[in-house]
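Below you'll find the structure, written out as structure tokens, and then a few comments.
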2 protein chains.
Amino acid sequence: MERRTRQRDAIRRVFEEAGRPLGPTEVLDAGRAHVRGLGIATVYRTIASLVEAEWLTPVELPGEPARYEVAGQGHHHHFRCRTCARVFEIHGCTGTIDLHPPAGFTIERHEVVLYGLCDTCAA
Amino acid sequence: MERRTRQRDAIRRVFEEAGRPLGPTEVLDAGRAHVRGLGIATVYRTIASLVEAEWLTPVELPGEPARYEVAGQGHHHHFRCRTCARVFEIHGCTGTIDLHPPAGFTIERHEVVLYGLCDTCAA
DNA sequence: ATAGATGCAAAGGGTTTGCACTTGA
DNA sequence: TCAAGTGCAAACCCTTTGCATCTAT
């Protein structure tokens with residue numbers, strides 16, 4: 001991520017305007033509105049360097065290709081709509097999980113993924 | 001899943017003896033100890049029909065190919081060892097998660113995945 | 001000018017499918 | 001017997017990589 005290019009500006013802008021985690025194909029589609037001929041390889045390479053630069057964070061859900069969101073948003077969970085398949089960030093979730101692992105197992109972290117209907121699809 | 005074959009017996013046995021979720025490659029490797037020349041396509045097809053028959057349940061973890069476990073074990077979470085990458089079933093976990101989704105969002109279910117060190121790798 | 005970035009196409013990994021051969025009932 | 005099941009190889013999908021071309025500095 002050394003030079004500033006139209007492609008990279010467009011890809012960053014797509015993430016900023018989306019406000020939710022996006023997959024490479026979603027980025028490609030939205031990015032082509034800004035840069036005609038944008039290639040999928042450029043999307044993947046740019047995402048990789050933005051993750052490396054900690055400007056993006058990977059969001060991985062079970063059984064699906066990785067999405068990415070703008071980094072630095074603090075602790076939150078992710079919500080996937082079962083109808084439109086879009087993923088949203090859910091802030092303000094609290095809760096505790098009491099873990100009783102088998103003897104000898106050490107739990108270092110956990111991931112929580114929520115599923116349901118988003119506002120648009122529920123309407 | 002209409003005929004009984006050496007391959008299918010071997011694959012079911014591999015799952016029963018493993019006692020933890022297995023991926024197709026793990027099944028292939030273990031299955032070849034019982035049936036020489038076992039093919040990966042047969043593993044995939046047999047897993048698919050065992051899932052269809054509800055004898056197996058898919059276990060999907062973020063960013064990884066699906067694993068499968070013997071069905072009918074009630075509610076439990078999954079634990080992935082960061083060192084050996086094996087996945088274990090964790091029963092007896094309790095906890096609550098207070099969810100405060102945005103207005104209009106409906107949460108129907110959630111998934112929890114635990115990460116850490118298994119007993120063997122911690123030793 | 002020139003090294004970094006891009007786009008295309010080919011290559012990679014995991015999974016699925018087509019097809020001729022094998023085998024269970 | 002003969003349709004279901006198997007193994008191989010090719011096809012697929014998503015992602016990464018090689019390479020000639022383009023471009024920001």
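So you know, we letter chains A, B, ... as the sequences are listed, proteins then strands, and number each from 1. Quantities reported herein were computed from a predicted structural model and do not represent experimental measurements.
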Nearest-neighbour nucleotide for the P65(B) side chain, dT17(C), dG7(C), dG14(C) considered
dG14(C)
What is the distance, to the nearest angstrom, from the CD atom on E64(B) to the P atom on dG13(C)?
17 Å
Less than 4.0 angstrom between a side-chain N/O of Q7(B) and OP1 or OP2 of dG7(D), yes or no?
yes
Separation of atom OH in Y68(A) from atom P in dC14(D), rounded to whole Å:
14 Å
Atom CZ of R12(B) and atom P of dG5(D) are separated, to the nearest Å, by 11 Å
Any side-chain heavy atom of P24(B) within less than 4.5 Å of one from P65(B)?
no
Going by side chain to side chain donor-acceptor pair (under 3.5 Å), name the pairs with one or both residues in residues 13-25 of chain B, residues two or more places apart or in two chains.
R13(B)-E17(B), R20(B)-E26(B)
Could you tell me if the ring centre of F105(B) sits under 6.0 Å from that of F79(A)?
yes
Could you check how far CG of L38(A) sits from P of dC22(D), rounded to whole Å?
18 Å
Measure the shortest side-chain to side-chain distance between P58(B) and V51(B) over non-hydrogen atoms and say whether it is less than 4.5 angstrom.
yes
Flag, side chain of R80(B) to backbone of V87(B), donor-acceptor distance under 3.5 Å:
no
Do I107(B) and Y115(A) touch side chain to side chain, with heavy atoms closer than 4.5 Å?
no
Atom-to-atom span, CZ of R8(A) to P of dA24(D) - whole angstrom
11 Å
Atom CD1 of I11(B) to atom P of dG7(D): distance rounded to whole Å?
8 Å
Scan nucleotides 19-25 of chain C nucleotide by nucleotide, 5' to 3', and note B when protein non-hydrogen atoms come under 4.0 Å of the base, S if they reach only the sugar-phosphate, - if neither.
----BBS
Rounded to whole Å, how long is the line connecting atom CD1 of I47(A) with atom C1' of dT17(D)?
16 Å
Rounded to whole Å, the CD1-C1' distance (I40(B) to dA10(D)) equals 16 Å
